[in-house]
Structures are given as C-alpha cells and as structure tokens.
Protein chains: 2
Amino acid sequence: MRRFKIPEVTVGRLSLYLRCLNELEEEGIEVVSSAELGRRCGVNPAQIRKDLAYFGEFGTRGVGYYVKELMQDIKRVMGLNRTWEVALVGVGNLGTALLRYKGFQRHGFKLSVAFDIHTEGKEVPEGCVLYPASEMERVVKEKGIKMAIVAVHYSQAQEVAERLARAGVKGILNFAPMRIRPPKKVVVKNVDMGTELEILAFYLTMRGAK
Amino acid sequence: MRRFKIPEVTVGRLSLYLRCLNELEEEGIEVVSSAELGRRCGVNPAQIRKDLAYFGEFGTRGVGYYVKELMQDIKRVMGLNRTWEVALVGVGNLGTALLRYKGFQRHGFKLSVAFDIHTEGKEVPEGCVLYPASEMERVVKEKGIKMAIVAVHYSQAQEVAERLARAGVKGILNFAPMRIRPPKKVVVKNVDMGTELEILAFYLTMRGAK
DNA sequence: CCCGTTATGTGGTAACTTTCACAAAAGTAG
DNA sequence: CTACTTTTGTGAAAGTTACCACATAACGGG
Ligand SMILES: NC(=O)c1ccc[n+]([C@@H]2O[C@H](COP(=O)([O-])OP(=O)(O)OC[C@H]3O[C@@H](n4cnc5c(N)ncnc54)[C@H](O)[C@@H]3O)[C@@H](O)[C@H]2O)c1
Ligand SMILES: NC(=O)c1ccc[n+]([C@@H]2O[C@H](COP(=O)([O-])OP(=O)(O)OC[C@H]3O[C@@H](n4cnc5c(N)ncnc54)[C@H](O)[C@@H]3O)[C@@H](O)[C@H]2O)c1
C-alpha cells in the first residue's frame, strides 16, 4: 500500500484489467480469480496480484476478486471515478476523428473544447466548443482544464505544450511525431504511430518477411 | 553483433534516433557524438551506443557517427530502406484520418488498399483502392501485402486479425481498444489511446491535480 | 467446529534494462 | 613517430520488472 513509484507498465495493465473486468461484468460473472483474469488478458497471475498490491488488498483468499468491487477500486486508484474535461488542440484529420470518437466519453473523458488556428468551416460535435488558438490560455484557465490532447503539426507541438502548461494543464497526450519535452510539473505521453509501424517493420524484417 | 533477442524499447529508440538524425541532417550537421545525440533526444549516451552495438559498429572512435551513414545503417537494420505496402481495415473516423495522413508515406509506408464492410459513399485518397471487406483475403494475398492496420470496432478486431493472418499478413497495428491475441507467426502492436488517457489521469490524480 | 480446498498476498530470485567507467581505437599536432 | 585528445564499444555494476513458490486466510461440507 505504498503509493510511491508506480511503474507505468503497471498503470497500463490496470487499464487493461479494467477492460477485461468490463467484459466479465457484461457476461454476468461476479467473481474472478487472478488465474482466470490472467488467462483472459494475457498477463501472469502473479503479475496481476503484484500490480494490485501496490494499492491495497482487493481480493479474498480462496475466492478471488469481486468483479464490480475490483472495477470500482481500480477506477478509484486511477482517478477514473469522475469526468475529466479535455482540451483538443489541432482540429485537422486526426483531431476531427478524435472529436467524433465516442469511446473517450464512455471512459469519462469529455473533449469539451477544441482549438485551431483556422476555425472557419470547421465543425465540431455537439457538446464541444471550437475556439481560435489565440483563446487557448484564457479558455483553458477559465474552465480549469487539466488535460489536453495535442494533434498539431510537429513543428508546433512543443510550443503548444508550453502554452497549455502556462494555462494550467498538467497532462498532455501528444500525437505529433516528436517527443515533447515535458514542461515543469506536466506529464506528457507521446503516441507515435510512425514509430509503431517502424517497430513492426523491424520485426517483420528480422523474421524474414517478404 | 548478435541478432538474437532485441528488446522492443531498443527498436523504439532506433526510430527516435532516426527522427533526430533527420533533423541534424536538415541542419547540415555531418557528424554527431552519442553525447550530442543523447542530449537532443533525451537518452543516455551509453544507452545509444549499447542500442547500436546490437547491430554492429557504426561509429568512429574519437569522432562520433557520420549522420547520413548512421541513418542508412539504422534504416537498413530496421527494414526501412524500402516501401512497405500496408492494408487498412475499417474506413471510419480513424481510418479516414490515417488514410489522409501524409506522414506514413514519407516514412516508406504506403496505404495502398483499404477495406470496409460498407463501401458506398466512402472516399479514399489517390493511390489507394477501397474494397468491400469480403475481398480482403483475395486482394491481400494477390498483392502479397505483409502489414496491416486494424481500425474497426473492437468486437471485430480479433476476427479481422485472423483473416488477415490467413491472407499472409505478418504484422498488424491495432487501434481497437482490445488486445488482439497474435495469430501464429504474426506480430501485433496494440495502440490504445484510451489507456494512454487513463495513464495520464492516474499520474494527475497521484500528483493531486484538481 | 474442524478439515480440505482454493486462491490471495508476498519474500526471494531470476531475468532483463540501464548506467557507469575504462580500455582501445582513431585522429591531430608537433 | 610519439604524445595527447576525443569518443567509441563493452564488461561489470546498479537498478528495475517479472515470476515462482509458499505461508496465510477464507470458504464450505461434513
Ligand atoms: N492524421 C493522422 O492519421 C495522423 C497519424 C499519426 C500522426 N499524426 C500527427 O498528428 C498531427 C495532426 O495530424 P493531422 O493529419 O490531423 O494534420 P492536419 O494538418 O490535418 O491538422 C493539423 C491541424 O492543426 C492546426 N494547427 C496548426 N498549428 C496550430 C497551432 N499552433 N495551434 C492550434 N492549431 C494548430 C491546423 O490548422 C490543422 O487544422 C500531426 O503532427 C501528425 O503528424 C496524424
Ligand atoms: N476515432 C478515433 O479517434 C478513435 C480513437 C481511439 C480508438 N479508436 C478505435 O478505432 C476503431 C475505429 O474507430 P472509428 O471511430 O473509426 O469507428 P467507426 O465506427 O467510425 O469506423 C469503423 C469502420 O469499420 C468498419 N467495419 C466494421 N466492421 C468491419 C469488418 N469486419 N471489416 C471491415 N470493416 C469493418 C465500419 O463499417 C466502419 O466504417 C474502433 O475500435 C475505435 O475504438 C478510434
């Protein structure tokens, strides 16, 4: 139950467990063992127990974990028992797809504001407001938004990140193909789809494909 | 120079080095030390040297690495000195954004065919051909395509992956929010944006944001 | 209420990754 | 050709993460 340095892989797996627990719940299963959960999500059972042990004792010996309870517990420790307002910067190809995606909403992330340097002719879904990029600091600060997604051209990503940080954002998910150097007190996660394809290319080459 | 088990983090960093070397080349810099490269991409210099040492000796002692040469070497070991034809399955919000994205092309990945169960009214860019999903096995096999991107609803992802595998695909990049269990002899990379946001939420909660 | 069964929580260890630190090689200047 | 500087390539240490194996706890049947 020591809340100090939790490895990111562990946090990622918690998210995975949550997905799996969701399915179990939908199937009407009320109790699950680490063995069964491990089989379903491809993780060693001991790993699951160790991951959970960072945060407390959630299971019952001889029984397993109560699905609904464990879901609540994981959501609580991950900060998912609430709605997070998220700002999107860059309403281009990718930004528009993200805005239209219903999945974030379902998991408690609400893309409530979007920013772009060009707003003319751009549409955003119900429930989201589009602003010119110049309004970013003001709107983000006023709304107290703490989380943002960056989907601008890579040459703009670092600057946008720093502006967001100044406006009070504490977490950034970056899709531009360059690692944003995290501003002070900000957590940055970079998702680089190009790199993912390149990793695939590597393993295919290694295994002698084509 | 032992080509056995290369850790995936190493491969990811190779891709990062490549990005960085590109910038150096654009700046007209011809030689770079591991120290300078490390500063630029936020990686320990010894780490860089170790990563490269898996594949050979690319540097010159007392000098450093010749930028152009190292780029070629990394591209060669990663299998990026060629064009990869890629099939896209699922031409929805995300699929369309991916098709329109110019960045893949620039790095040698060509999304030359796309598949969807609904093709009516769907547009794909020049250079890409859209087929009904029922044609998947035939087209992929005929074209000898080895790499695919899956952007369908999560309930379809596993089945699509298995069909792709049967058609000869050896590498799959999956965007559906469920881990695809890799079919025999297929490498699967899962990109889960929901999980990424949840990891951010965790660290923000941990640090007491909001 | 006790005993057998089951599955958790965890100490210890194995496996893996990162970093240190230095010998070896290459270049340069005298 | 030698002395000196620079920076690689790498063995060994340190640090991290995953897994095994078992004592411990809960449950249920007799
Ligand atoms: N489209 C994809 O599928 C895809 C895939 C992988 C990575 N990416 C990356 O995501 C980013 C966006 O890609 P895209 O295809 O949507 O590009 P895009 O050009 O369609 O969209 C970028 C948007 O950002 C806006 N913008 C630019 N600078 C801005 C600023 N300073 N402030 C606010 N808005 C700004 C532009 O007006 C534009 O609308 C790029 O970095 C790209 O490399 C995209
Ligand atoms: N849109 C996003 O920004 C986003 C973000 C994160 C994750 N995702 C994930 O990516 C996937 C696609 O998202 P989307 O928003 O594009 O959804 P979407 O519903 O807009 O698109 C899915 C497309 O796949 C097609 N399809 C369904 N089953 C198919 C099959 N068996 N074979 C071929 N085509 C099939 C559908 O006709 C549709 O066009 C989903 O799994 C989603 O969870 C999307």
Side-chain angles (χ1 to χ4, degrees), chain A residues 1-17 20-21 24 29-71 73-74 77 179 199 202-203, chain B residues 1-17 20-21 24 29-71 73-74 77 179 199 202-203:
Chain A
M1 179 75 104
R2 62 213 179 265
R3 273 166 202 269
F4 290 99
K5 225 217 31 137
I6 315 289
E8 185 172 318
V9 272
T10 288
V11 185
R13 280 193 299 262
L14 290 183
S15 167
L16 177 63
Y17 304 154
C20 215
L21 290 165
L24 288 163
I29 294 167
E30 300 200 335
V31 183
V32 68
S33 66
S34 59
E36 171 61 14
L37 189 58
R39 187 155 350 104
R40 290 204 178 216
C41 59
V43 176
N44 179 302
Q47 184 74 76
I48 297 181
R49 299 199 298 272
K50 265 274 157 69
D51 285 340
L52 296 173
Y54 278 110
F55 304 100
E57 305 197 355
F58 304 122
T60 309
R61 296 183 183 203
V63 178
Y65 301 89
Y66 292 93
V67 171
K68 275 184 221 250
E69 250 177 59
L70 185 56
M71 286 177 72
D73 286 330
I74 293 180
V77 300
R179 291 229 186 146
I199 293 172
F202 172 81
Y203 285 112
Chain B
M1 179 74 106
R2 58 217 180 263
R3 272 168 202 268
F4 291 98
K5 225 219 31 137
I6 316 289
E8 187 174 315
V9 273
T10 288
V11 185
R13 281 193 299 263
L14 290 183
S15 167
L16 176 64
Y17 304 154
C20 213
L21 289 165
L24 287 162
I29 294 167
E30 302 200 332
V31 183
V32 68
S33 66
S34 60
E36 171 62 14
L37 188 58
R39 187 155 350 106
R40 291 203 176 215
C41 58
V43 176
N44 178 302
Q47 183 76 79
I48 297 181
R49 299 199 296 273
K50 264 275 155 69
D51 285 340
L52 297 174
Y54 278 110
F55 304 100
E57 306 196 355
F58 304 122
T60 309
R61 295 182 184 206
V63 178
Y65 300 89
Y66 292 93
V67 171
K68 275 184 221 248
E69 249 178 59
L70 184 56
M71 286 178 71
D73 287 328
I74 293 180
V77 300
R179 291 232 186 144
I199 292 172
F202 172 81
Y203 284 112

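In what follows, chains are A, B, ... by sequence order, proteins preceding strands, each numbered from 1.
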Exercise. Who are the side-chain hydrogen bond (donor to acceptor under 3.5 Å, both in side chains) partners of R179(A), not counting sequence neighbours?
Worked result: none
Exercise. Do you know which two heavy atoms are closest between V67(A) and V31(A), and how far apart they sit?
Worked result: CG2-N, 3.9 Å
Exercise. Does Y65(B) make a side-chain N or O approach to OP1 or OP2 of dG9(D) shorter than 4.0 Å?
Worked result: yes
For this session: Quick one: list whatever passes side chain to side chain contact (heavy atoms under 4.5 Å, CB included) with R13(B), sequence neighbours left out.
Result: V9(B), T10(B), Y17(B), V43(B), Q47(B), D51(B)
For this session: Using the closest heavy atom to pick a nucleotide of DNA chain D for each, name whichever of S33(B) or T10(A) lands nearer the 5' end.
Result: S33(B)
For this session: Using the test side-chain hydrogen bond (donor to acceptor under 3.5 Å, both in side chains), find all partners of E36(B) that sit at least two apart in sequence or belong to another chain.
Result: R39(B), R40(B)
Exercise. Considering all heavy atoms of both residues, which atom of I6(A) and which atom of Y203(B) are nearest to each other, and what is their separation?
Worked result: O-OH, 3.1 Å
Seminar exercise, completed: Protein heavy-atom contacts under 4.0 Å, written 5' to 3' over nucleotides 22-30 of chain C as B (base), S (sugar-phosphate only) or - (none), form the string --BBSS---
Exercise. In whole angstrom, what separates D51(B)'s CG from dT19(C)'s C1'?
Worked result: 12 Å
Exercise. For the residue pair L37(B) and V32(B), what are the closest heavy atoms and their distance?
Worked result: N-CG2, 3.8 Å
Exercise. Within this structure, what is the CD1-to-P distance between I6(A) and dA18(D), rounded to whole angstrom?
Worked result: 13 Å
Would you list the protein and nucleotides 15-17 of chain D atom pairs, both N or O, that sit under 3.5 Å from each other?
| residue | atom | partner | partner atom | Å |
| --- | --- | --- | --- | --- |
| dT17(D) | OP2 | K5(A) | NZ | 3.2 |

Problem set entry | Under the side-chain hydrogen bond (donor to acceptor under 3.5 Å, both in side chains) test, residues paired with S15(A) that sit two or more places apart | T195(B), E198(B)
Problem set entry | Distance in angstrom units between N44(B) CG and dG9(D) C1', rounded | 14 Å
Exercise. Is there a side-chain contact between L52(B) and Y65(B), using heavy atoms and a 4.5 Å cut-off?
Worked result: yes
Problem set entry | base_contact_polar (dT19(C) base, K50(B) side chain, donor-acceptor, <3.5 Å) | yes
Exercise. Please give, in whole Å, the distance from dG9(D) C1' to F55(B) CZ?
Worked result: 15 Å
Exercise. Could you give the CD1-to-C1' distance, from I48(A) to dT10(C), as a whole number of Å?
Worked result: 16 Å
Problem set entry | Heavy-atom pair of closest approach, residues C20(A) and C41(A) | SG-CB, 3.9 Å
